[in-house]
Peer 1: 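Let me give you the structure first, and then I'll get to my questions.
Everything quoted here is computed from the prediction, not taken from an experiment. Naming convention: chains lettered A, B, ... in sequence-line order (proteins, then strands); numbering from 1 in each chain.
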Amino acid sequence: MDYGIAETSLGLLLAAVSDKGLCAVLLGDAEAPLLAELKRRFPREALVPGGTAGNQALEMLIAMLAGRECQEVLPLDERGTLFQRRVWEELRRIARGETISYGELAARIGRPRAPRAVAGACAQNPLAIVTPCHRVVGKNGRLGGYYWGVERKRRLLEQEGGSC
DNA sequence: CTGGGTGAGAGAA
DNA sequence: TTCTCTCACCCAG
């Protein structure tokens, strides 16, 4: 698979693409930790920097951050359990600027008593931004957590609410 | 504020 | 395989 890295308003953004589709979108402050995480998630893959597909995905993600809603166009190579994919699929149906609670999301996938499990699935989401796990917040106004830092979550929501 | 009920995943043995 | 621990939750006291 090949990948590309670019600087964005949220810090460094890494996109990795396999022969099946987009398989990782990571955020971070420095290049080395990003690469380490990519390698940790795909230990057996050969990682090729600066590939065409990776850079193409990067461009799309940056356009998305700028306000364009062009997801679903490129194939996704999601690796996860059935339950996780169910959660991620539901996440992608949340509109830009909209937020729901973990309990609500759990109810939507038919598991109303499993908000904690849903949170766990969100934490494992390999495709930041494409799968908008940042649009899930706690029920009583609590922001909840975010794998790449609550600060990034807050800024993502701010920027989505304002510029569409 | 605290405590307990949750479902699913990761890791040990 | 099972057992145990860990949660980005949520509601009742």
Peer 1: For the residue pair V48(A) and Y3(A), establish whether any side-chain heavy-atom pair is separated by less than 4.5 Å.
Peer 2: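 No; the side chains remain at least 4.5 Å from each other.
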Peer 1: How long is the span from the CD atom in E7(A) to the CG atom in L12(A), to the nearest 0.5 Å?
Peer 2: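 Separation between the atoms: 5.0 Å.
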Peer 1: From T81(A) OG1 over to R85(A) CZ, what is the distance, rounded to the nearest 0.5 angstrom?
Peer 2: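 Interatomic distance, T81(A) OG1 to R85(A) CZ, rounded to 0.5 Å: 7.5 Å.
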Peer 1: What's the spacing between E98(A) CD and E160(A) CD if we round to 0.5 Å?
Peer 2: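 One gets 11.0 Å once the value is rounded to the nearest 0.5 Å.
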Peer 1: In terms of side-chain heavy atoms, does R92(A) have a donor or acceptor partner in T131(A) at a distance below 3.5 Å?
Peer 2: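 Side chains of R92(A) and T131(A): pair found under 3.5 Å.
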Peer 1: Supply the atom-to-atom distance W88(A) CH2 to C133(A) SG, rounded to the nearest 0.5 angstrom.
Peer 2: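 Answer rounded to 0.5 Å: 10.0 Å.
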Peer 1: Show, in sequence, the C-alpha distance, side-chain angles and deciding distance for E37(A) and R40(A), and conclude whether the salt bridge (charged side-chain N to carboxylate O under 4.0 Å, His left out) test is met.
Peer 2: CA-CA 5 Å; E37(A) 168 136 14; R40(A) 182 178 65 76; 3.4 Å; yes
Peer 1: Calculate, to the nearest 0.5 Å, the distance between atoms CG and OG1 belonging to L105(A) and T99(A) respectively.
Peer 2: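 One finds 12.0 Å between CG of L105(A) and OG1 of T99(A).
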Peer 1: Short question: side chain of K20(A), backbone of L76(A) - any donor-acceptor pair under 3.5 Å?
Peer 2: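 Judged by distance alone, no pair lies under 3.5 Å.
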Peer 1: From the 5' end of DNA chain B to its 3' end, which nucleotides mark the outer limits of contact with chain A, defined by a 4.0 Å heavy-atom distance cut-off (strictly under)?
Peer 2: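 Contacts span dG5(B) to dG9(B), reading 5' to 3'.
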Peer 1: Stems involving DNA chain B: give each as a range paired with a range, ordered by first number, where a stem means at least three consecutive Watson-Crick or G-U wobble pairs under 3.5 Å.
Peer 2: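 So the stems come out as B:1-5 with C:9-13, B:7-13 with C:1-7.
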Peer 1: Can you measure from CD1 (I129(A)) to CD1 (I62(A)) and round to the nearest 0.5 angstrom?
Peer 2: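 Rounded to the nearest 0.5 Å, the CD1-CD1 separation comes out at 9.5 Å.
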Peer 1: What string of B, S and - do you get for nucleotides 7-13 of chain C 5' to 3' if you count protein non-hydrogen atoms under 4.0 Å?
Peer 2: BBBSS--
